[in-house]
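Bear in mind the structure is a predicted one, so any value in this text is a computation, not a measurement. First the proteins, then the strands, lettered A, B, ... as listed; each starts at 1.
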2 protein chains.
Amino acid sequence: MATLKYSRQREAIKEYLSHTHDHPSADTIYMHIRQQYPNISLGTVYRNLNLLVEQGEIIKINCQDGSDRFDGNTDPHYHFLCKDCNNVLDLEMKSIDHINVIAGADFDGKIEGNVTFFYGLCPECNRQHEV
Amino acid sequence: MATLKYSRQREAIKEYLSHTHDHPSADTIYMHIRQQYPNISLGTVYRNLNLLVEQGEIIKINCQDGSDRFDGNTDPHYHFLCKDCNNVLDLEMKSIDHINVIAGADFDGKIEGNVTFFYGLCPECNRQHEV
DNA sequence: ATAATAATAATAACTATTACTGGAATGGAG
DNA sequence: CTCCATTCCAGTAATAGTTATTATTATTAT
C-alpha cells in the first residue's frame with residue numbers, strides 16, 4: 001500500500017507545486033494542470049493532493065475561509081495571509097517554537113505543537129494603502 | 001442597520017455561549033437551544049452566530065476540520081485542540097504578541113496580527129495515554 | 001390597535017471536498 | 001510476451017458545512 005504507482009498526473013501536480021511559490025487552492029491547481037492534461041478531473045487532483053500530503057511530499061494549509069491551500073515546500077516555515085488580496089506568502093523569520101513552552105507553563109496536558117499564521121497587508125497592498 | 005431588533009433566540013444563543021466554556025459548533029449550539037426553543041431552525045442559529053461575530057460579541061474559531069466553533073469569551077486568549085478527543089480548551093498563558101515583531105523583522109508588508117492555536121493531548125487524554 | 005419593519009422556520013442553494021463507478025493503463029509472475 | 005491483479009483515471013454522485021431565499025410570524029413605532 002505504501003507502493004504508489006507512478007502517475008504522470010500526480011507527477012505534474014508535484015512538479016507544479018515545487019516550482020510555484022504561491023500557495024494555490026485545489027481549484028487553482030486543477031486549472032493549471034488542465035493546461036497540460038486537459039481532461040484531468042477535479043476529483044483526481046484532490047485525491048492526489050491528499051496522497052501527496054500523506055506521503056509528506058507537500059503540506060496542506062488550512063486557510064481562514066475554510067478552503068485548503070497547498071504548499072510544495074515541506075520545510076517548516078510560517079505563512080502570511082494578506083487581508084486585501086487574500087494571497088498567502090512565506091515568511092522568512094526566526095523560529096517561534098518557544099511559544100510551546102510558554103503555552104505549556106500552566107497547562108496540565110501535553111503541548112505537541114502549534115499552528116500559527118500571520119495576517120495583515122502584503123508588501124504590495126501595503127504600498128497601495130500608503131498612497 | 002446597527003439597530004438589531006431584540007430576539008429571544010439570539011439572546012439565548014449569546015446566553016448559552018457566555019455560560020459554557022466549551023467551544024461548541026453551530027450544530028451543538030443548535031441542539032442545545034432547541035431544548036429551550038424546540039422549533040428554532042439551524043439557519044437561524046447560523047445567521048445569529050454570524051451577526052454576533054460581526055457585533056464583536058462572540059468569536060468564531062476556525063477549526064482544523066473546516067467546521068467553525070464559537071466562543072463567548074471575547075477577551076484575547078489562546079486555544080488548545082486535543083488531537084484525541086477533538087475538544088477545544090482555553091489556555092491560560094502569557095501573551096505571545098511579540099511573535100508579530102519577530103515575524104515582521106524581515107518582512108516588507110504590515111503584520112497586523114496572528115492566528116495561533118496549540119495542539120496535543122488535553123489533561124484528560126494525556127492521563128489515559130500514560131496508563 | 002394597526003401598520004411598518006425585522007426576525008423566524010423551512011428550505012433551497014452553494015462551495016469545498018470526498019466517495020463511488022466502470023474502464024484503461026501498469027507492473028509483476030509465469 | 002501474456003495473464004492477472006493492482007492502481008490509476010475521468011466522470012459523476014454524494015456529503016458536510018454554511019449561506020441565501022422566501023413566505024410567515026413577531027416586535028416595535030405610530
Side-chain angles (χ1 to χ4, degrees), chain A residues 1-17 22-55 57-71 81 86-88, chain B residues 1-17 22-55 57-71 81 86-88:
Chain A
M1 72 181 85
T3 71
L4 278 194
K5 198 178 284 188
Y6 174 85
S7 114
R8 57 191 95 219
Q9 284 91 341
R10 181 163 57 244
E11 202 57 33
I13 292 173
K14 207 168 108 185
E15 165 78 10
Y16 172 53
L17 277 176
D22 290 356
H23 300 72
S25 66
D27 204 61
T28 306
I29 295 168
Y30 171 56
M31 295 302 189
H32 187 271
I33 302 294
R34 243 196 344 192
Q35 295 173 11
Q36 198 176 349
Y37 298 97
N39 51 0
I40 194 173
S41 85
L42 186 55
T44 299
V45 171
Y46 270 106
R47 189 162 30 75
N48 281 311
L49 283 171
N50 285 333
L51 282 171
L52 289 169
V53 169
E54 273 177 39
Q55 305 274 312
E57 308 216 36
I58 65 173
I59 287 176
K60 185 193 283 197
I61 307 168
N62 213 290
C63 238
Q64 279 308 72
D65 51 8
S67 76
D68 291 341
R69 308 286 190 94
F70 296 87
D71 188 345
L81 173 69
N86 235 44
N87 276 345
V88 176
Chain B
M1 67 186 226
T3 71
L4 279 192
K5 197 177 281 187
Y6 174 85
S7 116
R8 56 189 93 222
Q9 285 89 340
R10 181 163 56 243
E11 202 56 34
I13 292 173
K14 209 167 106 183
E15 165 79 9
Y16 172 53
L17 277 176
D22 288 357
H23 302 73
S25 65
D27 203 61
T28 306
I29 295 168
Y30 171 56
M31 295 300 190
H32 186 271
I33 303 295
R34 245 196 343 192
Q35 295 172 12
Q36 198 177 347
Y37 298 98
N39 51 1
I40 194 172
S41 84
L42 186 54
T44 300
V45 171
Y46 270 107
R47 187 165 31 76
N48 281 311
L49 283 171
N50 285 334
L51 281 171
L52 289 169
V53 169
E54 273 176 40
Q55 304 274 312
E57 308 217 36
I58 64 173
I59 287 176
K60 186 194 282 197
I61 307 168
N62 212 291
C63 236
Q64 279 309 72
D65 50 9
S67 77
D68 291 341
R69 308 287 191 94
F70 296 89
D71 189 345
L81 172 70
N86 236 44
N87 276 345
V88 176

Shortest side-chain distance from [X], nucleotide among [options]:
X     : options              : value
B/N50 : C/dT8, D/dT19, D/dC9 : D/dT19
A/A26 : C/dT17, C/dA7, D/dC9 : C/dT17
A/T44 : C/dA7, D/dC9, D/dG11 : D/dC9

Worksheet item: Shortest non-hydrogen contact from A/S25 to A/R69?
Response: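 Closest heavy-atom pair between A/S25 and A/R69: N-CD, 4.0 Å.
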Is [X] close enough to [N] that one of its side-chain N or O atoms is under 4.0 Å from OP1 or OP2 there?
X     : N      : value
B/Q9  : D/dA26 : no
A/N48 : D/dC9  : yes
B/Y46 : D/dT18 : yes
A/R8  : C/dT26 : yes
B/N39 : C/dA10 : no
A/S7  : D/dC9  : yes

Would you classify [X] as touching base, sugar-phosphate or nothing, given that sugar-phosphate means primed atoms plus P, OP1 and OP2, and contacts are heavy atoms under 4.0 Å?
X     : result
B/R47 : base
A/D68 : sugar-phosphate
A/D27 : nothing

Worksheet entry | Secondary structure string for DNA chain D (Watson-Crick or G-U under 3.5 angstrom, | for other-strand pairs) | ||||||||||||||||||||||||||||||
Worksheet item: Can you check the A/I61 CD1 to C/dA16 C1' distance for me, whole Å?
Response: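 Between C1' of C/dA16 and CD1 of A/I61: 17 Å.
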